[in-house]
Every structure is written in structure tokens, then in C-alpha cells.
Peer 1: 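Quick one: this structure, given as C-alpha cells, is what I'll be asking you about.
From a predicted model like this one, the values you see are computed outputs, not experimental measurements. Naming: A, B, ... by sequence-line order, numbering from 1 per chain.
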Number of protein chains: 2
Amino acid sequence: MATGMLNSNDERILGALAASDRPLSAYDILEQVRSGGLKAPVQVYRSLAKLQRQGLVHRIEALNAFIRCCQADHGGHRPGFVVCRDCGRVREFEDQRMAAIAESAAGSDFDIERISVEVLGHCGRCRGAAASL
Amino acid sequence: MATGMLNSNDERILGALAASDRPLSAYDILEQVRSGGLKAPVQVYRSLAKLQRQGLVHRIEALNAFIRCCQADHGGHRPGFVVCRDCGRVREFEDQRMAAIAESAAGSDFDIERISVEVLGHCGRCRGAAASL
DNA sequence: GGTGTAATGTTATATGGTTACATGCGGCGT
DNA sequence: ACGCCGCATGTAACCATATAACATTACACC
Ligand SMILES: [Zn+2]
Ligand SMILES: [Zn+2]
Ligand SMILES: [Zn+2]
Ligand SMILES: [Zn+2]
């Protein structure tokens, strides 16, 4: 995974994601990098696609949003995510058992490209806040 | 899970989903039920939300689309999906191990509402078609 | 310099989802 | 019956997400 081929757009987008403590939508990102010359959605999506290919960024399907990968090994891991539907915060996790489950479910005739595992719910922080209303 | 409270809109939408061999987007559904009186997206989304609450319909996050649940027990099951990114066909599956994985990943402080597991890739049928080009 | 090819930029458009408000319709107290 | 409330449904307008189509630039190769 050559991470050295990032251009300045990619770097800026990666920076915006790294600076945020929660996922950003493509349009959130676009806003943050407008000053850096990017001005159209498609540019952001192109960079995001590249960053995802390199394992530096993950897409959270349930949020239509993106996070910077927080694992040391960006290449080839199969992460899952715990997503709070109140505050949007995401925790990346890894579980070897998922691959086996996916393979047995898909069958030998199916070529697995990606496994999306998202645990949706409410984090402790938000549950506390709700209780104290 | 009282499934008897479906109104005619709900029935129509459920019918459209049941008749299709692959997921339908909300707008696909809308097109199919226009003759039945529905004419705005929000009506479709309202019905879909209700049908999802009752477990009759599942949302496929990676496709922004919906399928009719094919399991006998519509209530309270935690399905996963195998999704072909070429033809869009989906196979619903169930695996008890997923709940355990989700719980251990989320931790005791997190209130799990839903688990989304989607295995994305290419089905045998589509791989065959691609090979014969 | 001319030519082909890939990356990037620009504009416009397609697709997916929600907000805000109007209207209808059944309870329920009077 | 009447007026009022609360909730389901209808309608229009709008916002958010993603891609298509085409123009331009950058650079390798000859
Ligand atoms: Zn990661
Ligand atoms: Zn939270
Ligand atoms: Zn199901
Ligand atoms: Zn297929």
C-alpha cells in the first residue's frame, strides 16, 4: 500500500478527517477544504475512493460518512464499527470471526470484496445525557 | 408484532417489494405505486419505516434500497445480507454469532439498537457473465 | 513539437431523504 | 350534535448525497 502517492487534495481531505472526532460527509469535507482549492463534490469523492482503496479511510454506510482509519495496519484489515446514532461517534473494531461468518454465508460461489459491519445504537455518553433530561 | 395494522399504502408497498427479485429504492417503489394513489417520497418513507419496525422489510445500507424479509419469523431477528454489487441481488442470512460479536465490540455501556452486516461482492452468476466476455 | 493517456477540474444532473405545513378523521368531554 | 384535541395521511418544497459528461492540464514517449 504505497501511501506516498497522495496529492495535496488527498492530504487535505485526510487532514480534515483526522482532525475530526466523528465521521464527516463528503460535503462536510468539501466545506473544510474549499480554501485549499477544491470546489466540487466529485473531487472529494475521487480522493475518498483512492483513500479507501489504500485503507486510510473507511466509509460508514449507515451515515453516508467517512472516517480516518485509526489502526496501525491500514492495509487489508476488515474492520467493524460501533456507531452512536445520537452523537455520530464511531469506534472501529476488529474481529477475526466476522470473516468466517461472511464466507460461510456467502458460499464458495461468491467473490467477497468487502464486509460492512456496523453496530448501531446509543453510546454511554448520550444515554447519560438523555437520562438527565 | 401486530402485522394487521397495515393500511392500503403499506400493503401496496409490501406487494411491490415482494414481487421484485431484488432490492428496490424508495423511488423505484414510488414509481410502482403511483397508480395506487401515492405520489410523494415521504409517503413511501413513512410506510417503509413502519414496515421496518415490524420486521417485514429490511434496508440494505450499501444500496440505499429495501427488501421484503424472507424469513418466517419477522420479529426480532438479526439478519445479515450477501449483496452482489453487479446485479444487486441480495441473500438474507442469519448467524447467531453476530450478536455476540456486536455485544463484545460495543461494550456494556452501549445500547445496541440494530446490527447491519452486509457482505459485498460478486455472485456466481455475474462472475460467469464477466468471464465469458 | 506532436500525440496518446491518465489525472484533475468544471458544470450540470441524477438519486436519495427530510421539513413544514395542510387536511382528514376518530375519540371525548360538553 | 358540537367543538376540540391528537394523530395519521397528503402535498409541496426543499436539502443532501452521488455521478455523468465534458474540458483542461500534466506528463511520458516518440
Ligand atoms: Zn481501519
Ligand atoms: Zn453518542
Ligand atoms: Zn428478515
Ligand atoms: Zn450478481
Peer 1: To the nearest Å, how far apart are Leu30(B) CG and dT15(C) C1'?
Peer 2: 12 Å
Peer 1: Taking 5' to 3' order, which nucleotide of DNA chain D is first and which is last to have an atom within less than 4.0 Å of a heavy atom in chain A?
Peer 2: dT17(D) to dA20(D)
Peer 1: Can Leu17(B) and Val57(B) be said to form a side-chain contact (heavy atoms from CB on, under 4.5 Å), step by step?
Peer 2: CA-CA 8 Å; Leu17(B) 286 169; Val57(B) 163; 3.6 Å; yes
Peer 1: Start with the C-alpha gap between Leu51(A) and Leu6(A), add the side-chain angles, then the distance that decides, and say whether side-chain contact (heavy atoms from CB on, under 4.5 Å) holds.
Peer 2: CA-CA 9 Å; Leu51(A) 294 167; Leu6(A) 300 183; 3.8 Å; yes
Peer 1: Could you pick out which residue, Tyr27(B) or Leu38(A), lies toward the 5' side of DNA chain C when each is mapped onto its nearest nucleotide?
Peer 2: Leu38(A)
Peer 1: Over how many whole Å does the gap from Ile29(B) atom CD1 to dT15(C) atom P extend?
Peer 2: 16 Å
Peer 1: Working to the nearest 0.5 angstrom, can you tell me the gap between Tyr27(A) OH and Gln32(A) CD?
Peer 2: 15.5 Å
Peer 1: How close or far is atom P of dT15(C) from atom CD of Glu61(B), stated in whole angstroms?
Peer 2: 20 Å
Peer 1: In whole Å, I'd like the distance from the CZ atom of Arg46(B) to the P atom of dA22(C).
Peer 2: 15 Å
Peer 1: More than 12 non-hydrogen atoms from neighbouring residues, nucleotides or ligands closer than 6.0 Å to CZ on Arg59(B), yes or no?
Peer 2: yes
Peer 1: Whole angstrom is fine here: how far is it from CD1 in Ile60(B) over to P in dG17(C)?
Peer 2: 13 Å
Peer 1: Picking from dG9(C), dG17(C), dT11(C), which would you name as closest to the side chain of Asn64(B)?
Peer 2: dG17(C)
Peer 1: From OH of Tyr45(A) over to P of dA12(C), roughly how many Å is that when rounded to an integer?
Peer 2: 19 Å
Peer 1: Taking CG from Leu48(B) and P from dG16(C), how many angstroms apart are they, rounded to a whole number?
Peer 2: 13 Å
Peer 1: Partners of Glu94(A) by side chain to side chain contact (heavy atoms under 4.5 Å, CB included), sequence neighbours excluded?
Peer 2: Gln71(A), His77(A), Gln96(A)
Peer 1: Counting only side-chain heavy atoms from C-beta out, which of dT8(C), dT11(C), dG17(C) sits nearest to Asn7(A)?
Peer 2: dT8(C)
Peer 1: If I take atom CG in residue Leu63(B) and atom P in nucleotide dG16(C), what distance separates them, rounded to the nearest angstrom?
Peer 2: 10 Å
Peer 1: Classify Ala26(A) by what it touches in the nucleic acid, base, sugar-phosphate, or nothing, heavy-atom distance under 4.0 Å.
Peer 2: nothing
Peer 1: Taking C-beta and beyond as the side chain, do Phe81(A) and Arg91(A) meet within less than 4.5 Å on heavy atoms?
Peer 2: no
Peer 1: Among the candidates dG17(C), dG9(C), dT18(C), find the nucleotide nearest to the side-chain atoms of Gln43(A).
Peer 2: dG9(C)
Peer 1: Working to the nearest 0.5 angstrom, can you tell me the gap between Arg127(B) CZ and Asp111(A) CG?
Peer 2: 5.0 Å
